[in-house]
Amino acid sequence: MGSLIIAEKANVALRIATSLSEGKVSREKVGSSNVLRFQRDGREYTVLSLRGHIIELDYPEEFSQWKIDNLKDLIRATPVENVKVKGLAYALKKLDQENSEIIVATDFDREGELIGVETLRLMGRRDGVRRARFSALTKYDLVQSFGNLAEVDYNLAASAEARGIIDLMWGAALTRFFSVTTKRLGREFISVGRVQSPTLTILVERENEIRSFVPEKYYELNMVVNGVRFAYEGNPIKSREEAEKLLERLGKDGKVVVLERTEKERTIYRPIPFSTTEFLRDANRIGISVERAMAIAETLYQHGKISYPRTDNTVYPRTVSIKSIIGALSGSYLMKEIEHLTSNSRLIPSRGKVETTDHPPIYPTTPLKKSELKGDYFKIYDLVARRFMATVAENADILDTEYVVEKNGLRFKYTASKALRRGWMDYYPIVYYQEKIDPGFKVGDQPNFSDSKIDEKNTNPPPRFSQGSLIEKMEKELLGTKSTRHEIIQKLYDRGFIEGNPIRVKPLGMAMGESLILNSEAVARPEMTAKLEQEMDQIASGSKKKQEVVEDSRMILTTLLDDLINKADKINEKFYETLRLEKVVGKCPKCGADLIIDYRNDSRFIKCSGPSNDFFQYLPRTGKIEVTDEKCPVCGLFLIKVIRKGERPEMRCVDSKCAYNTSRETFGECPSDGGNLVLRRSRNFTRFIGCSNYPNCKVTLSIPQKADLIPTSKKCEVDGFPIAIFKFGKEQVEQCLNPKCKSRSSKR
DNA sequence: GCAAGGTC
């Protein structure tokens, strides 16, 4: 009888086996599960690799119908534990019988402890169980850990279990309540959760700050001396009158006197090693979404190109050998930069504030040739490799030179800047610094100035969150984990709450967010997570029982539900009121009431929401619609902007039949029956030219999708089809519309 | 058709 070792993931299982084995490691399948077998001290060991949690909580069958009536029973019900992997229970039973000892070797954290306990429970095992605790996957750490086995911490596991039960309870009850109350069921359901809802609230409140922001005008007085721009020391100036007076006192041109020249050195510190948050933020800065960046990192990790991508650690452990990584990279496409780095740096790595011991920061593990990866995969690998280089490079040293010049008692400043040592900035792909030219004045010089003028400016509202800055904010508020934050953000997109990057909150997100803030403050704020964290610590330390904490949470949720159910009608009303107001895109040109965009089946339209209901226009089926203030030069209605991916934004009259639109889409007479040849879109949205007499006339012409087509009044002499201008970016060709026309085949 | 947490 041997020992069964339970590992949380495949690579850990492999490290354990190769580190402890005294000979061969063999692979096998037990059912559908992967196991590794090896021997040590004459004992037989089997390592089972799991894939994270094996149990998923759900409510019993009887609660499958979403309705308000059973919500309070729902939260009192005990969730069912479903096994996520088919056949795993069988494999565990079998392995249990084969081994006298079980060693839980899952990750050394709360969820890891629970994954271990889930496994034991599924096996029905309580005796002969021990726990290996290790925080690095080196042979040394693993041998130490397996030589000093501890006991399974059932309290720690219970704390994670409480988290699971509470998350499901609140999530399911409130998701159901809001979905049923607003009658958004099926695919349209609206979700509520301990992490996603406070995240949505953060975005909603920022959106409101931006909307209620009143920009204030201010003025700046500037002048140009020797090609650089000097700014008045008294900037910003409150009023235009004051600014005009100063400008008058200064004059249009003439001489200034250089009063001061001061040199100051400063440092731009090299970045800290890549934690998941840092990585995602910078991946987002180079234009890759956090969801995609994480998926690519996972693939690169699976292929051994980079280290484990889910980590909070920002300090390289001693076991990560800087020298050998540098050595490896020197055989890669980064060869030249590495050469430069090794001769200009002491290669002592930077350190961040957070130091954990479970995984190292993200670093490249295999050198690559340029051709090995493409597109975003290359960009992500390159980012990781260059970040590593930046963390072992030297800081950048900057020399700022501040000049003060004077004219008629008015003082102006300019700061030149130059890198004395570029250090890490030579290797990292994100630009943080720009040199500013030095005019080279000495004190007492009297150079000429010109272009003195007043710039009118506006104060700016706070910026929208990007995916990257939102990830950072979530980390700061303790919302989610390194492995889930990007998923939560993606969930908000998928639910139709938010769009774009920088992130804008869509009408549905605003309606939901406002509703949560108003009615369910507890789940709209990060404090719920903070409180849960405290309680989990109490369960782990034994000062509270899991049942107590769950029961407590159940009471609070019951009270909240009572309140919500009482206010259900009002909540519904307010929700749709907000949704309606959020959809307002302008004022009705006929009665002045609000115009809204709405959808039915496949079509999309803009209509008046006022009582008279006298404005209605269909909108193009594709693209994002923005209503503009511009009047249509043809009919006097307003123009809309249609934004489509990969195409230049199109300005259209809101009236689809207005000549403003059709003149650009009508190319001339159809040679077959005299109808009009017009631009159409097929069901899959590709553009083509067709006869207006369709279906009687079936003339269709395919056109290059990337071309802008401009009608002319000319006719082709060869086949009689109209001639149009095909614009490809800056290039353009005037030719027959018919792609099969002989006049075209001669070209190209 | 609900959550968040692991991992692929």
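Chain letters run A, B, ... following the sequence lines, proteins first, then strands; residues in each count from 1. A quick note: this is a predicted structure, and the numbers were derived from the prediction, not measured.
- Phosphate contact (OP1/OP2 of dT7(B), side-chain N/O of Arg310(A), threshold under 4.0 Å): present.
- Taking side-chain N and O atoms only, Arg495(A) has a distance below 4.0 Å to OP1 or OP2 of dA3(B).
- Between Lys491(A) and dA4(B) there is a side-chain N or O to OP1 or OP2 distance below 4.0 Å.
- Taking side-chain N and O atoms only, Ser483(A) has no distance below 4.0 Å to OP1 or OP2 of dG5(B).
- The phosphate of dT7(B) has OP1 or OP2 within less than 4.0 Å of a side-chain N or O from Tyr308(A).
- In this structure, a donor-acceptor pair under 3.5 Å is absent between the side chains of Lys183(A) and Tyr576(A).
- Taking only side-chain nitrogens and oxygens, Thr484(A) never comes nearer than 4.0 Å to OP1 or OP2 of dG6(B).
- When the side-chain nitrogen and oxygen atoms of Thr481(A) are compared with OP1 and OP2 of dG6(B), one or more of them lie within a distance under 4.0 Å.
- Side chain Arg176(A) to base dC2(B): a donor-acceptor pair is found below 3.5 Å.
- Evaluation of Trp66(A) against the base of dG1(B) yields a stacking contact (centre distance < 5.5 Å, interplanar angle < 30°).
- Taking 4.0 angstrom as the limit, Ser191(A) places a side-chain polar atom (N or O) nearer than this to OP1 or OP2 of dA3(B).
- Figure legend: cation-pi geometry between Arg206(A) and Phe465(A), with NZ or CZ positioned under 6.0 Å from the six-membered ring centre and within 45° of its axis.
- Looking at heavy-atom distances under 4.0 Å, Ala10(A) makes contact with sugar-phosphate atoms alone, never a base.
- Dashed line: the shortest gap from a side-chain N or O of Arg163(A) to OP1 or OP2 of dA3(B) is not under 4.0 Å.
- Just one residue in the list Arg504(A), Lys506(A), Arg464(A) forms a salt bridge (charged side-chain N to carboxylate O under 4.0 Å, His left out) with Glu207(A), and that residue is Arg464(A).
- For Leu185(A), taking side-chain heavy atoms from C-beta onward, the closest of the listed nucleotides dT7(B), dA4(B), dG1(B) is dG1(B).
- Comparing Leu57(A) and Glu8(A) along DNA chain B, the residue whose closest nucleotide (by nearest heavy atom) sits nearer the 5' end is Leu57(A).
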